[in-house]
Amino acid sequence: MKVLCSAFLVAGAMSLCASTYTHPQFVAYRSFQPELAETAEFAKMGIPLRAFGVCNTDSKLGVPYTSYPPVWLGRGKYDWKPLEAQVDDFLKVSPDAQFICMVDLNTPRWLARDYLFDSFDTISHVAAIDDWRAVTKDYLRAFLDHVEGRYPGRVRAYVLMAGNTTEWFEEEAGRSSRVKNAAWRKWCAERGLKHAPHVPAETDLAVASFENVMYDPATESEKIDYWKFHNWIVADALLDCAHTARERLGKEREIGAFFGYYNICNKHLSAFCHLDYERVAASPDFDFAISPSTYTDRPIGFGTGTMTVEGTFRRHGKRFLHEIDCWPHSLTAPWRFWRPYWKTLGDTQAGNVREGAFAFVRNASWWWFDMYGNMYKDEGVHARIAKLAEIQKRYAGVDAPSAADVLLVCDPQSAYTMIDPWGTCPDGFKPALGCGEELRNRFNGLGVAYDVCSFNDLDAINLDRYRMILLPATWEITPEKAKVLQEKVCQKGRMVVWTYAPGVSDGKTLDAARVRTWAGVPFKTKDVTMTVQKDWLSIYAYDYRNLTTDKLRVLARTAGVHFWTEEPVPVVANERFFSVHVKEGGAKTLHLPRRCAKVVELMTDRVVAENTDEFTYDFASPDTALFEMK
């Protein structure tokens, strides 16, 4: 790696306006089961908002989601008594309860038998059935009318659920059907595309001309267009249902869904059905996207995160909702070995604070998901949850601007160009695997603050504050994208990081020689290189695995990124609040981006520093602290 004089780097503007959110934050308690005692406890802890599901289908484990019977019994045939029993049970133990109502739109067994498709498994096929949309919207209208009529003013938000695990995804890769072929023909005709009258075969989709990783748009455009269609039809079904709900509810009730998973720990991306999240984020019928905390960064000492592209939703005035469902050390479920993240009482205590503080600092909503019951009853956990809820209420309406100077850019348009499941390069690695979540996770542990957005957001947001911008999966650079890169991203004093093959596609053809234009070095140049491009720095790693945590830390320092801590530990920060999480405690020096009159640790309400831009804080092992800068 070449060394560059630090005088090359200049400070960017450090102001970035906070988004105008359409709705306030909320904090809730959620469980599949009644959990009435815990519902009452959370209400006493200052969280009377109860999320619950009205479900007509079985879970992935093959058992009903809830202990209340289904309400959707046939076409136009509804039994609302189980719904009423569920809500009335909550009101008995929490009379002032308000609700987030989760509406299961998956095909009940009787409807799946009609179609020979189950939306839980094959949502992209069921979404292509006009009758499913019609009968489902009829059910949704009747459902909303009943709930709003019987419990006026009680429900703050509705969550529309469908697809695998009710999260609008599926895991099949390329299976065809008559209904999907018909929808494909219509979609192509509306766009003037002349493709075969059936979707590409799975065996064709699994082959790509460029290193068996990427499709050539000149010869394999049908495959690229298929993945666009595959994601479009699911997003379209979601938006169709959301519009139906909006017509019934008006603007006062929020409408959300589990959606926008780009940074996911999975073997799929294009096949997952979430890549059309930008259209969903922009819709006036949609208010918030939900995601569980990322599954690959949950252990103590790691940094958590959301699988959604939060910056895209923020750009459109929408929040994301952070689902906290990390398994405590005391969980005794027989499948605990699957997620052994938290191993001690200290882990459970510090981990729950980490999750809540992450959402609070990110200006997100959050809920505590009591997935299997007894997940929050360990010593001291209720008190910490109650304190986080009190902090959120104290600062309600305070949406502080980001303090990040690192930006990670997601690119769904480039994702359509690669085979799914992800292809393996001749050199033996999967270039897509590190393009989102893994690199994000590495930044979690650097002691810096970062943001995440989509490529299409770049032209709409102020980039002045970002010293370091990562575009690890931007493999398609059209002339329009090149203009944005030249005029807004590749600017004086900034470091831009690429992986694998930036710009190999211009949207019409593939040419590996184009990589040099952006990377500064030829395609497949080994290790990590640094090149001065006019007055900005280009960093290229053909294999993303070479961008280790240590190397990223060196690069960030070279770029002039602000380090909140000397040690590489997780930090989440905006211009007013920041949180620090540690596995190993002790006295640690924290560096502030400006001189502050006072710094308060909010979990203890202690003043920990005054008139300074750095201070030392004594952490427990493990620990999470949440600070306010005044």
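- A salt bridge does not link Asp623 to Lys583: none of the charged nitrogens lies less than 4.0 Å from a carboxylate oxygen.
- Applying the ring pair (Phe, Tyr, Trp, His ring centres under 6.0 Å) test to Tyr617 and every residue at least two apart in sequence or in another chain returns Phe619, Phe627.
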TODO: May I have the step-by-step check of side chain to side chain donor-acceptor pair (under 3.5 Å) for Ser119 and Asn106, ending in yes or no?
DONE: CA-CA 6 Å; Ser119 63; Asn106 270 318; 2.5 Å; yes

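- Note: His230 and Trp232 fail the aromatic proximity criterion, with ring centroids not under 6.0 Å apart.
- When the salt bridge (Lys or Arg N to Asp or Glu O under 4.0 Å) test is applied to Lys588, the partners found at least two apart in sequence or on another chain are Glu567.
- The ring pair (Phe, Tyr, Trp, His ring centres under 6.0 Å) search around Phe358 returns His322, not counting sequence neighbours.
- Not a single donor-acceptor pair under 3.5 Å links the side chain of Asp325 to the backbone N or O of Phe369.
- Using a cutoff of 4.0 Å between basic side-chain nitrogens and carboxylate oxygens, Arg319 and Asp399 are scored as salt-bridged.
- In summary, the side chains of Glu170 and Asn164 do not present any donor paired with an acceptor at a separation below 3.5 Å, with no hydrogens or angles considered.
- Residues Glu438 and Arg545 are not paired through a salt bridge, judged by the lack of any N-O separation under 4.0 Å between the basic side chain and the carboxylate.
- Residues passing the side chain to side chain contact (heavy atoms under 4.5 Å, CB included) test with Leu239 are Arg279, Val280, Ser283, sequence neighbours excluded.
- The ring of Phe523 has its center closer than 6.0 angstrom to the ring center of Tyr542.
- Taking the side chain to side chain contact (heavy atoms under 4.5 Å, CB included) definition, one finds that Arg384 meets it with Gln349, Val353, Met603, sequence neighbours left out.
- Nearest heavy-atom pair, Trp366 versus Leu388, reported as atom, atom and distance to 0.1 Å: CZ2-O, 4.1 Å.
- Here Tyr500 and Trp475 bring their ring centres to under 6.0 angstrom of each other.
- Ring-centre distance between Phe259 and His274: below the 6.0 Å cut-off.
- Aromatic rings of Phe52 and Phe32 (six-membered ring for Trp) have centroids beyond the 6.0 Å cut-off, not under it.
- Taking 4.0 Å as the cut-off between side-chain N and carboxylate O, Lys526 and Asp427 count as a salt-bridged pair.
- Taking the six-membered ring where the residue is Trp, the centroids of Phe320 and Phe288 are separated by 6.0 Å or more.
- Less than 6.0 angstrom separates the ring centroid of Phe578 from the ring centroid of Trp564.
- In this view, Glu310 and Arg314, Arg362 satisfy the salt bridge (Lys or Arg N to Asp or Glu O under 4.0 Å) rule, not counting sequence neighbours.
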- Message: Applying side chain to side chain donor-acceptor pair (under 3.5 Å) to Thr312 and Asp457, what does each step give before you reach the verdict?
- Response: CA-CA 6 Å; Thr312 297; Asp457 298 324; 2.5 Å; yes

